[in-house]
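Single-structure report; data block below.
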Amino acid sequence: MLKIHNNLTRQLESFQPIDKKNVRMYVCGMTVYDFCHIGHARVLVVFDVVYRYLCAIYGKEHVSYVRNVTDIDDKIIARANQNGEKIEQLTNRFIKAMHEDADAMGVLRPNEEPRATMHMQQILDMIRTLVEKGYAYAAKNGDVYYDVSKFVGYGRLSGKQLDDLRAGSRVEVDEAKEDPLDFVLWKAAKPGEPSWESPWGAGRPGWHIECSAMSTHCLGTHFDIHGGGLDLQFPHHENEIAQSCAATGDDFVNVWMHNGFVRVDNEKMSKSLGNFFTIREVLKKYAPEVIRYFILSSHYRSPLNYSDQHLDNAKSALTTLYTALRGIIPSKAAADSATRTAFMAAMDDDFNTPLAIAQLFEIAREVNRCRTTDTIKAAALASELLELGGMLGLLQQDAESFLQAGVVDDNGAGLSNQAIDTLIQQRLQARANKDWAGSDRIRDQLKAAGVVIEDGPQGTTWRRQ
RNA sequence: GGCUCGGUAGCAAAGUGGCUAUGCACCUGAUUGCAAAUCAGAGUACGUCGGUUCGACUCCGGCCCGAGCCUCCA
């Protein structure tokens, strides 16, 4: 039985889908004006695992996963102006880059990726409803605001009281707002800005309304899971609840999930602090699966400290797992082992991926124990390792390829696979002649080039460090 | 100021009122021409001060330290 920590109640709850034949999840995706950083990678990977696990439980055809793209907002406009390019040009470029990064890390594509600019009708409809129901008002400056005081329960998700928010408010006082906590649904266009026609004049949507409009449009008024980074809990998700519940009169979302931050030197990784690393930057040094493993090696709600040392650790751990798989042809067998049960129990417990990964190592050790003594068992275990790893999006490449893949450095340095094979042949010849000095010289040479040689009963294998 | 969440061995990271987490690193043994890999084994923990309990890393309270939200942010 899957249990999920629901941020709305701050409790672990048994997950009961509204409709088992159509489990629905919406995740707030990226605002596309720059490359994704490791913080974005975490959202991508964490909810990819949630999606995979839901698919494993309910069947792939019974899960609807929607992750939006924000393709119109102040930062996008500013960046496009700065670059002297069209907005669509900028956003399309970064959507493409985001897909490349996500694909590299083995993140499955969601069923839908709605874009704000393609859902203006739904956005305008929802704003109109909110105005008609008295939850929103048009201000003198042409903006339309949501009247926070009208919504009973505002602050529930973030555990905040309206008065407390006002007291500690860092919100700039905006003359047009009736209350500083009111937030914008529709922004009147300034001259030269991109805009859409509306009953309140030309303008563009506020950030929060798009997610309410698109999630309702794609998944209905009331769905199962809504996810995103912890920084979206307030005000973004709080505002979504206010908008959606007020507009539809329905419940909106049952379970709210937020992943913790990625930190650098114990500080939140963020654009404003400038301490972020983009995914593609990190990919120059580490394989994409290493990033994925690193992210899943801690629980999704905990903070995750980014450092080279942690990535190195992830790489070593993954190497151990792939080494167990190397040279074994997996074959499906009746698999209902204790480790498998433990793996599922770990995942059922609010997606405890570190504990689930620990089970992977249990299987790997068992594979190594019996790989020469009981090949049938080893093949069955390998198959199980692949299957469970697959639920985390791990271990899906060919072991040999993973172990021998080199991250090409900028100088194109390093030995080619062919050069390595040649040296290994020379070394084998030396060994046949019991020329240990010559053999070791070649091994040192390879080692210096980052290639590790392993002499086994089945012959010599190699891998890149 | 208000509101959250944490402090576990060298580094990461789970977890439980009494029973080996796990990974990386390190040490010992087996294996190997020597290595590497692998297997077997050892060691190093639960911020601090009290309380509850037969027994607490695990529950309760104080204190110290850290992170986050209250403005855009995944």
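Residue numbers start from 1 in every chain, and the chains themselves are labelled A, B, ... in the order their sequence lines are given, proteins ahead of strands. Remember, predicted model here, so these are calculated numbers, not experimental data. We use all heavy atoms of the structure for the numbers below, so side chains are in, but hydrogens, waters and symmetry mates are not.
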Problem set entry | Which nucleotide in B:A74, B:A67, B:A36 has an atom nearest any side-chain atom of A:V452 | B:A36
Exercise. Hey, do the aromatic rings of A:F252 and A:F223 have their centres closer than 6.0 Å?
Worked result: yes
For this session: For A:R427, answer base if it contacts any base atom (sugar-phosphate contacts may also be present), sugar-phosphate if it contacts only those atoms, and nothing otherwise; contact means non-hydrogen atoms under 4.0 Å.
Result: base
For this session: Give the rounded distance in Å between these two atoms: NE2 of A:H299 and P of B:U8.
Result: 17 Å
Exercise. Judged by atom type as modelled, is there a donor-acceptor pair below 3.5 Å linking the side chain of A:T319 to the main-chain atoms of A:K315?
Worked result: yes
Problem set entry | Protein-nucleotide distance (A:L232, atom CG; B:C69, atom C1'), rounded to Å | 12 Å
For this session: Dot-bracket notation for RNA chain B is requested: 5' to 3', Watson-Crick or G-U wobble pairs only, both distances under 3.5 Å, with ( ), [ ], | and . as defined.
Result: (((((((..(((.....[...)))..((((.......)))).....(((((..]....))))))))))))....
For this session: Under 4.0 Å between any heavy atoms, over every strand shown, what does A:V27 touch: base, sugar-phosphate, or nothing? Just pick one.
Result: nothing
For this session: Might you work through the side chain to side chain contact (heavy atoms under 4.5 Å, CB included) test for A:V49 and A:R292, ending with a clear yes or no?
Result: CA-CA 10 Å; A:V49 167; A:R292 189 177 179 100; 3.8 Å; yes
For this session: Starting from the 5' end of RNA chain B, give me the residue, A:S297 or A:F234, whose nearest nucleotide shows up first.
Result: A:S297
Exercise. Checking all strands, does A:R371 fall into the base, sugar-phosphate, or nothing category for heavy-atom contacts under 4.0 angstrom?
Worked result: nothing
For this session: Report yes if a donor N or O on one partner sits less than 3.5 Å from an acceptor N or O on the other, where the partners are the side chain of A:K75 and the base of B:C73; otherwise report no.
Result: no
Exercise. Could you give the CZ-to-C1' distance, from A:F261 to B:G68, as a whole number of Å?
Worked result: 6 Å
Exercise. What interatomic distance, in whole Å, is found between C1' of B:A14 and the corresponding atom of B:U4?
Worked result: 22 Å
Seminar exercise, completed: Rounded to whole Å, CG of A:L296 lies from P of B:A12 at a distance of 19 Å
For this session: Write down the distance separating the C1' atoms in B:A13 and B:U48, rounded off to the nearest Å.
Result: 23 Å
For this session: Provide the distance between the two P atoms, one in B:G61 and one in B:U52, to the nearest whole Å.
Result: 15 Å
For this session: Summarise how protein sits on nucleotides 20-26 of chain B as a single string, 5' to 3': B when a protein heavy atom is under 4.0 Å from the base, S for sugar-phosphate-only contact, - for no contact.
Result: -BSBS--
For this session: Give a yes/no answer on whether the side chain of A:R369 brings an N or O atom under 4.0 Å of OP1 or OP2 in B:A40.
Result: yes
Exercise. At under 4.0 Å between heavy atoms, what does A:T323 touch on the DNA or RNA strands: base, sugar-phosphate, or nothing?
Worked result: sugar-phosphate
Exercise. Is there a donor-acceptor pair under 3.5 Å between the side chain of A:H310 and the backbone N or O of A:F294?
Worked result: no
Problem set entry | Test log, rule side chain to side chain donor-acceptor pair (under 3.5 Å), inputs A:S64 and A:N111 | CA-CA 6 Å; A:S64 301; A:N111 299 95; 5.2 Å; no
Problem set entry | Distance between C1' atoms of B:U8 and B:A12 (Å, rounded) | 11 Å
For this session: Please determine if a side-chain N or O atom of A:N368 lies less than 4.0 Å away from the OP1 or OP2 oxygen of B:C39.
Result: yes
Exercise. Taking the six-membered ring for Trp, are A:W256 and A:H226 parallel (under 30°), tilted (30 to 60°) or perpendicular (over 60°)?
Worked result: parallel
Exercise. Contact class for A:G29 vs. all strands (heavy atom < 4.0 Å): base, sugar-phosphate, or nothing?
Worked result: sugar-phosphate
Problem set entry | A:E13 (side chain) donor-acceptor with A:I4 (main chain) under 3.5 angstrom | no
Exercise. Do A:K271 and A:Y33 meet the cation-pi criteria used here (NZ or CZ under 6.0 Å from the six-membered ring centre, within 45° of the axis)?
Worked result: yes
For this session: Write down the distance separating the C1' atoms in B:U28 and B:C60, rounded off to the nearest Å.
Result: 44 Å
Exercise. Do A:R443 side-chain and B:A35 base share a donor-acceptor contact under 3.5 Å?
Worked result: yes
For this session: For the pair A:Y137 and A:Y145, name the ring-plane relationship: parallel under 30°, tilted 30 to 60°, perpendicular over 60°.
Result: tilted
Exercise. Which residues in residues 103-118 of chain A have at least one heavy atom lying under 4.0 Å from any atom of RNA chain B?
Worked result: none
For this session: For A:Y322 and A:R463, run side chain to side chain contact (heavy atoms under 4.5 Å, CB included): C-alpha distance rounded to whole Å, both residues' side-chain angles, the deciding distance at 0.1 Å, then the answer.
Result: CA-CA 11 Å; A:Y322 269 119; A:R463 66 186 161 90; over 6 Å; no
Exercise. At under 4.0 Å between heavy atoms, what does A:D455 touch on the DNA or RNA strands: base, sugar-phosphate, or nothing?
Worked result: base
For this session: Can you tell me, in whole Å, how much space there is between the P of B:U58 and that of B:G50?
Result: 14 Å
Exercise. A:R263: what forms a salt bridge (Lys or Arg N to Asp or Glu O under 4.0 Å) with it, not counting sequence neighbours?
Worked result: none
Exercise. With a non-hydrogen cut-off below 4.0 angstrom, is A:D231 in contact with a base, only sugar-phosphate, or nothing?
Worked result: base
Problem set entry | Residues in salt bridge (Lys or Arg N to Asp or Glu O under 4.0 Å) contact with A:R52, at least two apart in sequence or another chain | A:D48
For this session: May I ask you to evaluate whether A:S302 reaches the phosphate of B:A14, defined as a side-chain N or O under 4.0 Å from OP1 or OP2?
Result: yes
For this session: Using only side-chain N and O atoms of A:K268, determine if any of them is under 4.0 Å from OP1 or OP2 of B:C69.
Result: yes
For this session: Please work out which of the three classes, parallel, tilted or perpendicular, describes the rings of A:F35 and A:F94, given edges at 30° and 60°.
Result: perpendicular
Exercise. C1' atom, B:U31 versus B:G41: distance in rounded Å?
Worked result: 15 Å
For this session: Test side chain to side chain contact (heavy atoms under 4.5 Å, CB included) on A:I38 and A:E281 and set out the steps.
Result: CA-CA 10 Å; A:I38 297 299; A:E281 211 172 337; over 6 Å; no
For this session: Can you figure out which of B:A13, B:G33, B:A67 approaches the side chain of A:S298 most closely?
Result: B:A13
Distances under 3.5 Å between nitrogen or oxygen atoms of protein and nucleotides 3-5 of chain B:
from, atom 1, to, atom 2, distance (Å)
B:C3, O2', A:G159, O, 3.4
B:U4, O2', A:R10, NH1, 3.3

Exercise. Stepwise, does the side chain to side chain contact (heavy atoms under 4.5 Å, CB included) test hold for A:M257 with A:R301?
Worked result: CA-CA 9 Å; A:M257 292 178 70; A:R301 286 192 280 116; over 6 Å; no
Problem set entry | Whole-Å gap separating C1' (B:U38) and CG (A:L321) | 14 Å
Exercise. Given atom CD of A:Q309 and atom C1' of B:A12, what is their separation to the nearest angstrom?
Worked result: 8 Å
For this session: Go through the steps for A:T339 and A:E362 under the test side chain to side chain donor-acceptor pair (under 3.5 Å), then give the verdict.
Result: CA-CA 7 Å; A:T339 38; A:E362 297 293 338; over 6 Å; no
For this session: Measure from CG on A:D444 to P on B:A36 and round the result to the nearest Å.
Result: 12 Å
For this session: Start with the C-alpha gap between A:N417 and A:Q404, add the side-chain angles, then the distance that decides, and say whether side chain to side chain donor-acceptor pair (under 3.5 Å) holds.
Result: CA-CA 8 Å; A:N417 289 15; A:Q404 297 187 342; 4.7 Å; no
Exercise. Between A:L304 (CG) and B:G68 (P), how many Å, whole number?
Worked result: 14 Å
For this session: Pick base, sugar-phosphate or nothing for A:N259, based on heavy-atom distances below 4.0 Å to the nucleic acid.
Result: base
Exercise. Which one, B:A14, B:G33, B:A74, comes nearest to the side chain of A:S439?
Worked result: B:G33
